[in-house]
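The basis for the numbers below is simple: all heavy atoms, side chains too, and nothing from hydrogens, waters or symmetry mates. Start at 1 and go down the list; that is how both ligands and their atoms are numbered. For clarity, every value in this text was computed on a predicted model and none was experimentally measured.
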Amino acid sequence: MKFDYLVVGAGLYGAVIAHEAKKAGKSVLVIDKRPNIAGNVYTEDMESIHVHKYGAHIFHTNNTEVWNYITQFATFNRFTNSPVANYHGELFSLPFNMYTFNKMWGVITPEEAAAKIAEQRKEITGEPQNLEEQAISLVGRDIYEKLIKGYTEKQWGRDCKDLPAFIIKRLPVRLTFDNNYFNALYQGIPVGGYTQMVANMLEGIEIRLNTDYLEHKAELDVLAEKVIYTGPIDAYFDFKLGTLEYRSVRFETELLDIPNFQGNAAVNYTDRETPWTRIIEHKWFEFGKDADGNDLPKTVISREYSSEWKPGDEPYYPVNDEKNGALYAQYKALAEKEEKVIFGGRLGEYKYYDMDAVIASALELCKREL
Ligand code: UDP
């Protein structure tokens with residue numbers, strides 16, 4: 001065998017494994033079916049702007065080990081995510097904080113805001129059973145109707161009553177004027193772009209792009225002792241137990257000959273009528289400056305549309321409901337019988353992972369495996 005490890009997928013999970021395996025003295029081959037490395041964190045240069053081709057990626061973590069790990073490969077800037085919500089032209093601060101409550105209800109003090117929420121959450125008694133109940137119990141019906149319902153139903157293509165409560169628990173609710181979206185100790189965007197960061201992780205490692213593992217499985221498998229597979233678990237087994245559901249997103253990206261389109265990296269369109277879920281203005285991830293600190297004269301925006309995944313689309317978000325959870329458990333049992341193959345990452349484990357959790361999970365595997 002030529003290699004100790006064949007890593008299928010050059011995203012964050014694969015890049016961590018490949019880097020660590022090489023460091024441990026193993027020989028590694030990384031393949032990816034795309035023409036580029038970096039998976040969904042891939043950034044591409046347009047007019048000196050790092051465009052997040054597969055959607056906004058803002059690195060954030062509370063895990064010091066992960067932070068120390070990833071900052072070996074890039075310096076991170078001080079970007080803090082503070083999205084704005086646009087509901088039929090009315091703007092609100094996100095996540096839900098005193099600015100949001102003031103705009104929604106005219107309340108001035110935390111006490112008034114808390115009283116308003118307490119009054120509205122009364123309609124939910126007992127443990128919230130779905131996302132709608134969870135949202136109302138967190139912030140009340142007004143905010144649910146204007147800032148959550150439309151956005152969530154566009155993003156997931158499902159009624160809020162049919163979605164699990166945990167999705168909304170990602171969002172903080174604060175009785176302070178703090179509009180930092182994440183409750184994270186560390187946050188930022190890698191200077192130079194994510195693609196450069198992943199290239200640094202993969203330095204000195206053989207990479208074959210435009211190489212579809214599942215199409216050439218037999219000939220690729222003989223190259224390595226072990227395979228780390230980060231693609232969709234159901235595709236690996238040729239969908240033989242049925243297809244897992246994913247949400248996909250599509251981006252319409254435009255270069256505009258103006259310096260400032262929306263004044264913020266992310267604006268969420270939270271009404272049901274606007275067809276896109278959000279607009280990303282990429283230059284604001286890096287404060288509108290190029291690598292030399294000059295103001296950029298143009299701007300690039302991406303409208304994000306959410307859709308149900310169908311074969312041929314890029315899978316983005318696993319749909320972690322009961323039905324899919326049960327099917328995944330069956331695939332996982334099959335995966336455990338594949339002695340030569342380890343399944344990992346968002347698609348390999350069918351899990352709504354943030355970037356830091358993917359890195360933590362890859363590092364765990366390295367500790368067990370290498
Ligand atoms: N969400 C919402 N309104 C918003 C932003 C988020 O209701 O303006 C809810 C929605 O249910 C979404 C979840 O919070 O699915 C998580 O959103 P986030 O933006 O964190 O998801 P990601 O960035 O991973 O797509």
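- Here the side chains of Q187 and F59 are not in contact, with every heavy-atom distance at 4.5 Å or above.
- Contact residues for ligand 1 (protein heavy atom closer than 4.0 angstrom to any ligand atom): L94, L147, I148, Y151, T152, Q155, W156, I167, I168, R170, L171, Y181, N268, T270, R278, Y317, Y352.
- A search for side chain to side chain donor-acceptor pair (under 3.5 Å) contacts involving Q330 returns nothing, not counting sequence neighbours.
- Between K22 and E20, no side-chain nitrogen of the basic residue sits less than 4.0 Å from a carboxylate oxygen of the acidic one, so the salt-bridge criterion is not met.
- Take I124 and apply the side-chain contact (heavy atoms from CB on, under 4.5 Å) test, not counting sequence neighbours, and it matches E133, I136, S137.
- Residues E286 and K289 are not paired through a salt bridge, judged by the lack of any N-O separation under 4.0 Å between the basic side chain and the carboxylate.
- In this structure, S248 has no side chain to side chain donor-acceptor pair (under 3.5 Å) partners at least two apart in sequence or on a different chain.
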